[in-house]
Amino acid sequence: MKWDRTSVPEQRRLQNEKLHRYLTEVIAPFSPYYKRVFREHKIDPRQIKTVADLRHLPFTSKADLLPTSEQPEKFREFIITPDISVLQHRPRVVAEALFRGRRAVERRIEMEYRPIFLTATTGRSSSPVAFAYTDYDMHNLRTAGARLIQTFGATTKMRGVNLFPYAPHLAFWQVVFAGLEFGMLLVSSGGGKVMGTDGNINLIEKVKPEALIGIPTFVYHVIREAHAQGRQWPQVSKIVLGGEKSPQGIRRRMVLLLQEMGAGDVRVCGTYGFTEARMAWGECPPPPGEWSGYHLFPDLGIFEVIDPETGEVQGDGEPGELVYTPLNARGTVVVRYRTGDCVAGGVTWEPCPHCGRTVPRIVGSISRASNTKELQLGKLKGTLVNFDTLQHILDDATEVGEWQLEIRKAHDDPHDVDELILHLAPTNGADVEQLKEKIRTRFQTDVEITPNRIEVHSLDDMLKRIKLETSLKEVRVLDARPSE
Ligand SMILES: [Zn+2]
């Protein structure tokens with residue numbers, strides 16, 4: 001059956017069936033963590049028969065995975081660990097042993113459950129958490145990868161250059177395995193830290209890829225430098241962005257530069273993924289200025305959308321926090337995982353208006369609850385500021401080349417009020433005074449604060465400030481306040 005053209009009732013039926021089987025045959029008997037949680041909450045997994053029944057299971061959040069002083073290796077509890085005495089009594093395993101022999105079955109079980117690969121969370125605020133994959137999960141990672149490339153509308157004749165930073169992070173490896181499974185030439189540069197900007201540009205010159213894949217700011221940086229050097233990249237027709245949000249402003253700027261470098265119709269596709277899901281989802285190529293939503297794989301996992309305050313499940317298309325449950329995973333498994341990502345348009349089961357696929361899609365912009373910071377701007381009380389909104393304003397302004405927001409204490413005095421300073425490098429030919437005024441007005445209308453100062457820098461100085469080439473994650477918001 002095709003993964004992306006099945007009718008909605010059939011997809012829902014399959015999800016219910018798979019969920020029930022997965023919880024009763026894998027999670028309840030073999031997950032040390034959920035075995036305990038189900039016992040403590042008196043949950044009988046046999047009673048969970050549909051996706052709607054998921055609401056009877058407690059959520060799992062990032063905090064549940066972090067090491068504690070009693071359990072320094074807490075993440076191990078989440079690794080599916082088979083009980084051989086249970087497995088060898090299952091009729092299917094008994095039959096398999098009769099036909100294929102005991103050795104072959106033992107080997108198959110080992111391949112299914114033994115971790116052979118890891119990726120880890122990036123851990124900007126806390127220590128990284130490792131997620132293990134077994135051979136079984138590698139198959140899922142490859143399947144997700146091939147489906148991603150299909151979603152982007154690429155063909156095996158195309159070539160791609162993967163500019164994601166080389167690290168044990170999902171994004172880099174999702175792309176590597178996508179190319180292997182789909183069967184297209186995909187070269188991984190390792191990003192700016194491994195090859196430098198010129199190294200990446202030279203690699204692209206040699207490979208002549210149709211697709212450029214990477215973190216929005218780094219892909220944009222490489223295109224901008226190549227443009228400044230007068231390179232011609234007429235064959236580029238797709239840009240695939242991941243690892244962070246990709247607002248329309250930065251998409252538009254990439255396309256304009258590439259068109260000046262000889263390219264024709266360039267389509268930009270965003271992706272969404274996270275370490276805990278051990279896969280990513282993507283957009284089909286939307287017309288310029290539009291989003292098509294992240295096309296999900298309903299046979300591999302379930303997304304619920306909840307009210308982040310009450311935890312109540314929202315209806316189709318309603319906004320809320322994304323909660324993920326896999327349907328067919330081994331290795332490290334989290335169930336009803338709260339992502340902390342809030343999506344404006346929720347999850348819709350309407351067929352995609354662009355490609356006609358019938359899979360559910362995550363639609364609307366995604367913001368992270370943790371990107372809201374409390375600033376002490378006046379003497380009296382703190383102000384909550386959503387830095388996602390600020391980022392959207394800055395990325396959308398065509399005259400802004402690079403930017404960074406810095407929060408610091410006035411007069412460097414830890415007891416004084418907070419100050420918000422905007423550092424920016426304007427694009428060539430921008431009217432700096434007009435730009436400053438425009439940003440002040442947008443900040444005031446959208447978040448009701450204005451920066452205390454706007455400092456203008458050269459592009460080179462800004463690139464050093466945000467550590468684009470030297471760090472795995474660029475520094476967009478610099479909180480320079482002394483920690484409590
Ligand atoms: Zn589509």
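Whatever order the structure lists them in is the order used to number ligands and atoms, beginning at 1. This structure is a prediction, so every number in the text was calculated from the model and none was measured.
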Closer than 2.8 Å to the Zn ion (ligand 1), which protein N, O or S atoms?
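Only Cys284 SG, His295 NE2, Cys352 SG, Cys355 SG fall inside 2.8 Å of the Zn ion (ligand 1).
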Glu350 CD: over 12 foreign heavy atoms closer than 6.0 Å:
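Open: at most 12 neighbouring heavy atoms sit under 6.0 Å from CD of Glu350.
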Just by distance, no angles: are the side chains of Tyr133 and Asn140 close enough, under 3.5 Å, to form a donor-acceptor pair?
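Their side chains do not contain a donor-acceptor pair, so the 3.5 Å distance test is not met.
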Does either side chain, that of Gln11 or that of Trp349, offer a donor lying less than 3.5 Å from an acceptor on the other one?
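There is no such pair between these side chains.
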Listed partners of [X] passing salt bridge (charged side-chain N to carboxylate O under 4.0 Å, His left out), at least two apart:
X      : value
Arg159 : none
Arg253 : none
Arg108 : Glu96, Glu112

